Amino acid sequence: MAVIGFIGLGHMGGPMSANLVKAGHTVRGFDLSSDVLRSAAEHGVTAVDSAVDAVDGADAVITMLPGGKHLLECYDEILGSVSGATLLIDSSTVDVADSRRAHELAGQAGLESVDAPVSGGTAGAEAGTLTFMVGGGEQAYRSAQEFLEPMARKVIHCGGAGNGQVTKMCNNLMLAASMLGVAEAFVLGEKLGLPHQALYDVASVSTGQCWSLTTNCPVPGMVDTSRANHDYEPGFAAELMLKDLGLAVSAAERSGADTEVGRLASSIYERFNSEGGGGYDFSAVINSIRQRSAES
């Protein structure tokens with residue numbers, strides 16, 4: 001079994017690191033929050049006092065940080081303390097340019113690295129059923145599998161440096177668009193007297209079928225896995241959806257891609273967040289749509 005340094009032990013990193021401990025790895029974890037560190041220690045993670053302490057002698061270092069600025073600052077702090085045999089795995093969701101810069105810094109330090117953002121939310125992190133989208137060289141990807149598989153249902157190589165981030169951006173653009181379509185359809189059905197169950201029964205076996213309908217339906221009572229059944233307690237918070245859409249829109253502008261639907265989705269989630277919806281599941285946007293429909 002390996003020694004793994006884990007930096008960032010919050011809502012995602014905490015359960016991810018716990019699953020690595022369950023798999024038999026020694027995990028040395030660091031987070032700026034003392035409460036988070038205590039929680040991780042209760043699940044078998046060895047809490048340490050700094051990021052440098054976490055990476056000392058580690059076979060792999062996994063980062064799960066809020067943004068690209070934090071990732072680059074972390075790498076600046078730890079790279080001088082990481083041995084040449086250590087693999088760097090970044091599972092944060094960050095801008096593609098920041099991710100590729102992190103790869104460059106790792107390469108300059110003589111280290112292999114992958115970007116490996118995740119899909120699956122906190123439920124997937126706890127259950128060890130995340131999907132990892134991995135960007136980096138073939139050898140680095142193969143090396144990363146040993147460390148990612150205890151946390152994963154699937155580990156998919158998406159190509160070169162930064163392509164894991166590109167894949168996540170594209171996936172979440174599709175997710176946001178589909179959720180907004182499902183939410184608007186249910187509200188339209190309500191306005192016209194269509195029962196929720198009737199719409200669900202037809203759409204779930206017809207061309208409207210999608211994950212946003214059959215796994216995380218924004219209407220309570222349709223599917224067991226829906227966060228709507230739990231007052232929209234977040235599996236994937238609206239504020240995180242807005243962050244990911246912002247990254248997608250920025251990348252589209254830089255690359256010249258015309259993502260009109262992505263821009264519109266971003267503006268809708270920006271409004272929902274400004275209304276106080278950021279801490280709810282992203283499916284709760286249906287309540288904002290419903291409210292505006294009642295006012296019209």
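Small disclaimer: the values here were computed from a predicted structure and weren't measured. Throughout, residue positions are numbered sequentially from 1 according to the sequence presented.
Nearest heavy-atom pair across N163 and D115 is N-OD2, 3.7 Å. Here the shortest heavy-atom pairing between G235 and D281 reads N-OD1, 3.0 Å. Residue S119 comes nearest to N171 through the heavy atom pair OG-ND2, 4.2 Å, listed as atom of the first residue, atom of the second, then distance. Taking both residues in full, the closest heavy atoms of N172 and L245 are given as O-CD2, 4.3 Å, listed atom of the first, atom of the second, then distance. Heavy atoms only, all atoms of each residue included: V118 and M133 are closest at C-CE, 3.5 Å. Taking both residues in full, the closest heavy atoms of A18 and H43 are given as CB-CB, 3.8 Å, listed atom of the first, atom of the second, then distance.
A distance-only check finds a donor-acceptor pair linking the side chain of R227 to the backbone of E233 [under 3.5 Å]. Listed for the H157 side chain is a donor-acceptor partner under 3.5 Å among the backbone atoms of G136. One N or O on the side chain of N273 and one on the backbone of Y269 form a donor-acceptor pair closer than 3.5 Å. A donor-acceptor pair under 3.5 Å links the side-chain atoms of T86 to the main chain of A58, judged by distance alone. With S274 contributing its side chain and R271 its backbone, the two residues share a donor-acceptor pair below 3.5 Å. No donor-acceptor distance shorter than 3.5 angstrom exists from the side chain of K22 to the backbone of P150, with no hydrogens or angles considered. Looking at S267, its side chain does come within 3.5 Å of a backbone N or O of L264 through a donor-acceptor pair. The closest donor-acceptor contact from the side chain of Q165 to the backbone of A97 lies at 3.5 Å or more, if one exists at all. Side chain of S266 to backbone of G262: no donor-acceptor contact under 3.5 angstrom is found. The main-chain N or O of Y232 is never found under 3.5 Å from a side-chain atom of H230 such that the two would form a donor-acceptor pair.
Residues S288 and R292 have side chains that bring a donor and an acceptor to within less than 3.5 angstrom of each other. Neither side chain, K191 nor S293, offers a donor N or O lying under 3.5 Å from an acceptor on the other.
At a threshold of 4.5 Å between non-hydrogen side-chain atoms, the residues L20 and M151 count as touching. D98 has its side chain out of reach of L71: every pair of non-hydrogen atoms, C-beta onward, lies at least 4.5 Å apart. F186 has its side chain within reach of L199: a pair of non-hydrogen atoms, C-beta onward, lies under 4.5 Å apart. The side-chain heavy atoms of L88 and L79, taken from C-beta on, include a pair separated by under 4.5 Å. In this structure, the side chains of H70 and S92 stay at 4.5 Å or more apart for every pair of heavy atoms.
Ring geometry, H25 versus F147: the interplanar angle falls from 30° to 60°, so the pair is classed tilted. Note: F282 and W211 have parallel aromatic rings, judged against thresholds of 30 and 60 degrees for the angle between ring planes.
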Task: Stepwise side-chain contact (heavy atoms from CB on, under 4.5 Å) test for I268 and V285 - done: CA-CA 9 Å; I268 292 171; V285 73; 4.1 Å; yes
- [ ] I would like to know whether I7 and I78 meet side-chain contact (heavy atoms from CB on, under 4.5 Å); could you show each step before the answer?
- [x] CA-CA 10 Å; I7 302 170; I78 68 172; 4.3 Å; yes
- [ ] For E138 and R142, run salt bridge (Lys or Arg N to Asp or Glu O under 4.0 Å): C-alpha distance rounded to whole Å, both residues' side-chain angles, the deciding distance at 0.1 Å, then the answer.
- [x] CA-CA 6 Å; E138 180 68 29; R142 292 186 182 280; 3.0 Å; yes
Open item on the list: Is there a side-chain contact (heavy atoms from CB on, under 4.5 Å) between M12 and L130? Walk through the geometry before answering.
Closed with: CA-CA 10 Å; M12 294 294 293; L130 295 169; 3.9 Å; yes
- [ ] Might you work through the side-chain contact (heavy atoms from CB on, under 4.5 Å) test for M241 and L175, ending with a clear yes or no?
- [x] CA-CA 9 Å; M241 175 58 83; L175 176 60; 3.8 Å; yes
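Results of the side chain to side chain contact (heavy atoms under 4.5 Å, CB included) test with S212 over S226, S178, P218 single out S178 as the only residue that passes.
Residue R38 holds its CZ atom at 7.5 Å from OG of S33, rounded to the nearest 0.5 Å. Distance check: R101 CZ to Y75 OH gives 12.5 Å after rounding to the nearest 0.5 Å. Between the CE atom of M16 and the NE2 atom of H11 there is a distance of 14.0 Å, given to the nearest 0.5 Å. Taken to the nearest 0.5 Å, the CG atom of N229 stands 9.0 Å off from the CG atom of N216. One distance of note links CG of D31 with CG of L65; it measures 8.5 Å at 0.5 Å rounding. The CZ atom of F272 sits 9.0 Å away from the CD1 atom of I289 when rounded to the nearest 0.5 Å.
More than 12 heavy atoms of other residues, nucleotides or ligands lie within 6.0 Å of CD in E190, so this atom counts as buried by the packing criterion. With a 6.0 Å radius and a threshold of 12 heavy atoms from other residues, nucleotides or ligands, R254 has its CZ atom above the threshold. Around the OH atom of Y141, the shell of radius 6.0 Å holds more than 12 heavy atoms that belong to other residues, nucleotides or ligands. A 6.0 Å sphere centred on CD of Q108 holds more than 12 heavy atoms belonging to other residues, nucleotides or ligands.
The pair D95-K69 fails the salt-bridge criterion, with no side-chain N (NZ, NE, NH1 or NH2) lying under 4.0 Å from an Asp/Glu carboxylate O. Salt-bridge annotation for R100 and E104: absent, with no side-chain N of the basic residue lying under 4.0 Å from a carboxylate O of the acidic one.
Note: the hydrophobic cluster containing L213 also contains V223 (ILVMFWY, side chain heavy atoms under 4.5 Å, direct or indirect links). Linking Ile, Leu, Val, Met, Phe, Trp and Tyr whenever their side-chain heavy atoms come within less than 4.5 Å leaves M169 and V249 in two separate clusters. Hydrophobic clustering places L87 together with V27 (ILVMFWY residues linked when any side-chain heavy atoms are closer than 4.5 Å, directly or through intermediates). Residues V166 and F132 fall into different hydrophobic clusters, defined by Ile, Leu, Val, Met, Phe, Trp and Tyr side chains chained together at heavy-atom separations under 4.5 Å. Residues V82 and V114 are members of separate hydrophobic clusters, defined by side-chain heavy-atom contacts under 4.5 angstrom among Ile, Leu, Val, Met, Phe, Trp and Tyr.
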